[in-house]
Amino acid sequence: MTKQWLGFRGALLALALVLGMGIVSAPVLELRAEEKSTTERKDAEKSQKKKDKEFNREILYRHAVGPKVLALGPFSISLFVQGQPLEARIRVAVQTTTELARTQLEPQKNVMNGIVYPLAVRLFEQGRPTTEQIRVFKEDTRVKLLERYPSMIDDVFIESMI
């Protein structure tokens, strides 16, 4: 009788443990599922905010500069002029004839940078440029870009120069 009683008692204890675990673990599983969905939702919101911020920045930039403008640079230039170091940064904006031309030139930015950079270095060879030197730079840049991309370039601007 004692062996049966021990078997019955062990089975009863096992049943109580299983039922107890089910009762205790059900809310824990629900909490973990809630935590998981909350963290997933927060991560999704965070990534969406990043996308929105980047999109808005691009829209603001295009609105401020214009939809037909392609920005090149910034070019960092380090020279010694008359034995003195000169550090400069210049960013150039190229206005295209149409928005289609801008989208066609977008993949060609590296080639365009290769055309503009030597001209930018030449601009700073004698120190800080004068107004006349800046005009010559813009015209030379426009002519060189028109040689490579005829009827796609409208004008060249200096967006910023430090």
Side-chain angles (χ1 to χ4, degrees), residues 21 24-162:
M21 287 293 274
V24 172
S25 66
V28 171
L29 290 176
E30 288 176 17
L31 286 177
R32 287 187 183 153
E34 278 184 30
E35 288 175 8
K36 188 176 179 183
S37 66
T38 303
T39 56
E40 287 175 356
R41 181 181 49 81
K42 286 182 179 179
D43 290 343
E45 286 176 2
K46 189 175 182 180
S47 66
Q48 185 62 40
K49 282 183 182 180
K50 279 185 180 179
K51 289 176 187 176
D52 291 345
K53 186 176 181 181
E54 185 65 32
F55 178 75
N56 290 336
R57 182 179 301 137
E58 186 175 317
I59 293 295
L60 289 174
Y61 178 78
R62 290 229 172 111
H63 178 70
V65 178
K68 297 189 295 184
V69 175
L70 183 65
L72 300 176
F75 303 107
S76 295
I77 300 166
S78 298
L79 298 170
F80 280 94
V81 178
Q82 299 172 355
Q84 298 296 318
L86 173 75
E87 297 285 329
R89 286 177 60 101
I90 186 169
R91 188 169 172 102
V92 177
V94 177
Q95 184 171 353
T96 59
T97 53
T98 63
E99 288 184 45
L100 178 63
R102 185 191 60 79
T103 56
Q104 290 174 343
L105 290 175
E106 189 79 38
Q108 298 291 319
K109 277 179 100 170
N110 285 337
V111 175
M112 295 175 78
N113 285 337
I115 293 170
V116 175
Y117 182 73
L119 298 172
V121 171
R122 193 175 79 188
L123 175 66
F124 289 96
E125 279 180 341
Q126 298 172 359
R128 292 288 169 193
T130 63
T131 306
E132 185 59 33
Q133 289 171 328
I134 292 171
R135 284 189 190 121
V136 170
F137 165 76
K138 287 168 47 175
E139 186 57 34
D140 287 348
T141 304
R142 186 176 170 277
V143 168
K144 294 277 185 179
L145 289 174
L146 277 172
E147 285 176 11
R148 177 71 184 226
Y149 307 103
S151 72
M152 294 179 96
I153 307 296
D154 192 25
D155 207 353
V156 174
F157 301 99
I158 294 180
E159 191 176 313
S160 65
M161 183 167 47
I162 299 171

For this session: Enumerate the residue pairs fulfilling ring pair (Phe, Tyr, Trp, His ring centres under 6.0 Å) with a member in residues 76-109, sequence neighbours excluded, ordered by first and then second residue.
Result: none
Problem set entry | With Q108 via side chain to side chain donor-acceptor pair (under 3.5 Å) - residues at least two apart | Y149
Problem set entry | Residue list, side chain to side chain donor-acceptor pair (under 3.5 Å) with E45, at least two apart or on another chain | R41
Exercise. Can you list the residues that meet the side chain to side chain donor-acceptor pair (under 3.5 Å) rule with Q84, with sequence neighbours excluded?
Worked result: none
For this session: Only counting residues at least two apart or in another chain, list the ones meeting salt bridge (Lys or Arg N to Asp or Glu O under 4.0 Å) with D155.
Result: none
Problem set entry | Set of salt bridge (Lys or Arg N to Asp or Glu O under 4.0 Å) partners for E132, sequence neighbours left out | R135
For this session: Apply side-chain contact (heavy atoms from CB on, under 4.5 Å) to E99 and list each qualifying residue two or more places apart in sequence or on a separate chain.
Result: P67, K68
Problem set entry | Contacts of type salt bridge (Lys or Arg N to Asp or Glu O under 4.0 Å), residue R128, not counting sequence neighbours | none
For this session: Kindly write out the residues that satisfy side-chain contact (heavy atoms from CB on, under 4.5 Å) with T103, not counting sequence neighbours, or none if the list is empty.
Result: L100
Exercise. Taking only residues two or more places apart in sequence or in another chain, which ones pass side chain to side chain donor-acceptor pair (under 3.5 Å) with S76?
Worked result: R89
Exercise. Any ring pair (Phe, Tyr, Trp, His ring centres under 6.0 Å) pairs touching residues 121-142, not counting sequence neighbours?
Worked result: none
Exercise. Applying side-chain hydrogen bond (donor to acceptor under 3.5 Å, both in side chains), which residue pairs with at least one partner in residues 112-123 are found, sequence neighbours left out?
Worked result: R122-D140
Problem set entry | Passing candidate, side chain to side chain contact (heavy atoms under 4.5 Å, CB included) with M152, options V94, T98, L145, L105 | L105
